[in-house]
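To start, the structure itself, in structure tokens.
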Amino acid sequence: MSEHEEASELLRLRRDKLAAWLARGIDPFGRAFPDTASISALLADFLEGREARLAGRILSIRDMGKSLFAHLQDSSGKMQIYANLQTLGERFADLKLLDLGDIVGVEGECFRTKTGEKTLRVRHSELLSKSLRPLPSKWHGLHDVEARYRQRYLDLIVNPEVRETFHQRIRIIREIRRFLEERGFLEVETPMMQPVPGGAAATPFSTFHEALGIPLYLRIAPELYLKRLLIGGFERIFELNRNFRNEGISRKHNPEFTMLEAYWAFADFERMAELLESLVCHLAETVCGGLRLSSSTFPSIDLQPPWPRKRFADCLRDATGKEWFSLSPEQRRKLAEELGVELLPNAQDIDVTRHTFEKLVEARTAGPLFVTHLPTELVPLARQNREDPSVVDVFELIIGGQEVAPGYSELNDPIVQRERLEHQVGEETQKLDEDFLLALEYGMPPAGGIGLGIDRLVMLLTGRESIRDVIFFPLLRPREIP
RNA sequence: GGGCAGGUAGCUCAACGGCAGAGCAGGUGCCUUUUAAGCACUUGGUUCAGGGUUCGAAUCCCUGCCUGCCCA
């Protein structure tokens with residue numbers, strides 16, 4: 001214990017209680033207490049007189065002298081327990097020593113109190129773990145956002161809605177896997193440490209492999225490896241795991257985030273849009289109980305399919321009132337600024353288009369909307385449209401003013417792919433993944449692909465406004481333990 | 001990176017230039033069906049850190065740290 005902690009009376013008293021348990025011959029960090037019932041199951045199937053065995057954390061205590069009530073919380077719910085001197089004899093004093101936060105195992109019989117609350121009359125109890133620090137207030141919960149993120153376990157103990165959000169996240173991810181596997185997709189794992197980070201335009205985290213003496217990068221996307229698997233003969237694959245981007249942190253960005261990428265050989269972006277539409281509807285129905293969502297900016301989002309498709313150029317025409325791509329770059333820039341799009345002085349023409357789209361279309365679209373046929377320059381890994389090579393056969397799914405998922409007809413022409421990547425590399429001082437280009441030359445089947453940002457999807461489906469509310473341990477600047 | 005807001009008891013929050021407080025939690029006592037249990041008494045503070053202004057600073061000013069929101 002540090003000097004500072006010794007000064008705290010609350011901590012000292014807990015240590016005194018610990019000593020009191022030891023003095024009574026009881027190990028305050030007990031052993032296993034197996035074969036317990038789940039509280040929610042016991043409550044759902046409640047029978048007076050039924051014997052039950054429970055384990056959990058003490059959340060409240062009402063000590064009445066020769067009897068006491070407490071609430072016990074396990075992973076499924078919470079239930080009142082009751083103990084008195086008459087039933088327990090000299091062991092009753094053990095219960096009187098309990099603190100809020102202690103973890104106990106109890107055995108006894110179910111009954112209802114005068115007021116009808118389902119309760120367990122304790123006949124036997126064991127201390128399973130002594131809590132040496134006070135829990136946050138059971139009534140007010142834990143509101144301090146910094147404490148909630150830094151000590152998520154406390155957030156989870158005292159804030160039921162936080163537990164529920166993470167349970168929903170878990171269900172969403174499980175349902176995605178189930179949905180794709182039912183449709184013949186195989187989950188695969190590809191390198192997270194890559195010699196050449198590719199598949200997206202983002203700054204990677206770098207690291208170093210000592211034995212090989214080579215620099216490595218945490219992946220910014222699995223895309224180029226998944227395509228190698230298409231080349232290798234896997235026809236329906238997905239990877240649902242972490243990507244890492246060395247960028248700022250915000251309400252919508254965490255440096256590590258979870259992404260689904262799925263590829264389907266011999267399909268195209270249209271087919272992927274249908275797949276995505278049915279996947280998201282399935283998730284909304286199984287996890288949110290319906291196809292209606294709401295966010296603070298878009299109070300009513302209706303996911304009822306089919307979802308509309310609209311070409312990128314048409315979106316910009318409707319938002320700006322002009323045939324955007326018929327204008328000169330100078331005219332585009334002027335128009336964007338007139339419409340309130342803030343642009344850096346050195347913004348390229350394509351940046352003007354991108355920012356204008358983000359500000360005037362994406363941010364204002366409740367969706368769901370599939371924006372299709374983006375400019376080729378924006379999407380270097382997608383197939384160009386046959387009729388109009390200035391656009392690519394892709395969609396961008398927008399829901400709730402946010403980009404939720406892109407989908408492509410994947411580019412499988414190794415010569416065009418090389419040109420487009422070289423063009424991109426020239427701009428961004430990235431390295432070219434020659435190994436990927438080599439693989440492409442052996443022939444990759446035409447394929448459809450999608451990427452789905454899981455954290456933002458969970459935000460959307462659970463109505464959370466910050467990515468930190470859907471990631472257990474969001475990145476914060478480390479701090480010394482107080 | 002820029003702007004704004006915030007950091008006070010274990011938790012939730014007051015006090016806004018004049019004795020640092022409340023509720024809950026904690027402690028002691030009473031209480032064998034309570035449930036935000038109750039009643040009585042009661043402990044608990046580096047007011048984020050450092051500097052400055054002032055007779056006097058949680059409060060005003062400066063610097064730093066951390067967090068949130070907005071913008072880039």
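This structure is a prediction, so every number in the text was calculated from the model and none was measured.
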Note to self: Considering every strand and a 4.0 Å limit on heavy-atom distances, what is the contact class for A/Leu13: base, sugar-phosphate, or nothing?
What the structure shows: sugar-phosphate

Next item on the list: Could you tell me whether A/Arg121 contacts a base, only the sugar-phosphate backbone, or nothing, with contacts defined as non-hydrogen atoms closer than 4.0 Å?
Entry: base

Next item on the list: Could you tell me whether A/Glu107 and A/Arg53 make a salt bridge, using a distance below 4.0 angstrom between a side-chain N and a carboxylate O?
Entry: yes

Check: Under the criterion side-chain hydrogen bond (donor to acceptor under 3.5 Å, both in side chains), which of A/Arg57, A/Glu117, A/Lys78 is the partner of A/His71?
Finding: A/Glu117

Item checked: Paired nucleotide for B/G44 [Watson-Crick or G-U wobble; both distances under 3.5 Å] -> none

Next item on the list: Taking only Lys NZ, Arg NE, NH1 and NH2, and the carboxylate oxygens of Asp or Glu, determine whether A/Glu256 and A/Arg219 approach each other closer than 4.0 Å.
Entry: no

Margin query: Between B/A36 and B/G26, how far apart are the two P atoms, rounded to whole Å?
Written below: 16 Å

Margin query: Under 4.0 Å, counting only non-hydrogen atoms across every strand here, what does A/Leu154 touch: a base, just sugar-phosphate, or nothing?
Written below: nothing

Note to self: Among residues 62-79 of chain A, which ones have heavy-atom contacts with RNA chain B below 4.0 Å?
What the structure shows: A/Arg62, A/Asp63, A/Met64, A/Gly65, A/Lys66, A/Ser67, A/Phe69, A/His71

Notebook entry, point to check: Do A/Glu117 and B/U33 share a donor-acceptor pair, side chain to base, under 3.5 Å?
Noted result: no

Check: A/His373 pairs by ring-ring contact (aromatic ring centres under 6.0 Å, His included) with which of A/Tyr408, A/Phe312, A/Phe269?
Finding: A/Phe269

Check: What about A/Phe244 and A/Tyr217, are their ring centers closer than 6.0 Å?
Finding: no

Next item on the list: May I ask you to say what A/Arg14 touches in the nucleic acid, namely base, sugar-phosphate or nothing, with a heavy-atom cut-off under 4.0 Å?
Entry: nothing

Notebook entry, point to check: With the threshold set at 4.0 Å, does a side-chain nitrogen-carboxylate oxygen contact exist between A/Asp16 and A/Arg12?
Noted result: yes

Item checked: Spacing of the P atoms in B/A25 and B/U12 (rounded, Å) -> 15 Å

Next item on the list: Take atom P in B/C41 and the same atom in B/A22, then report the distance between them in whole Å.
Entry: 13 Å

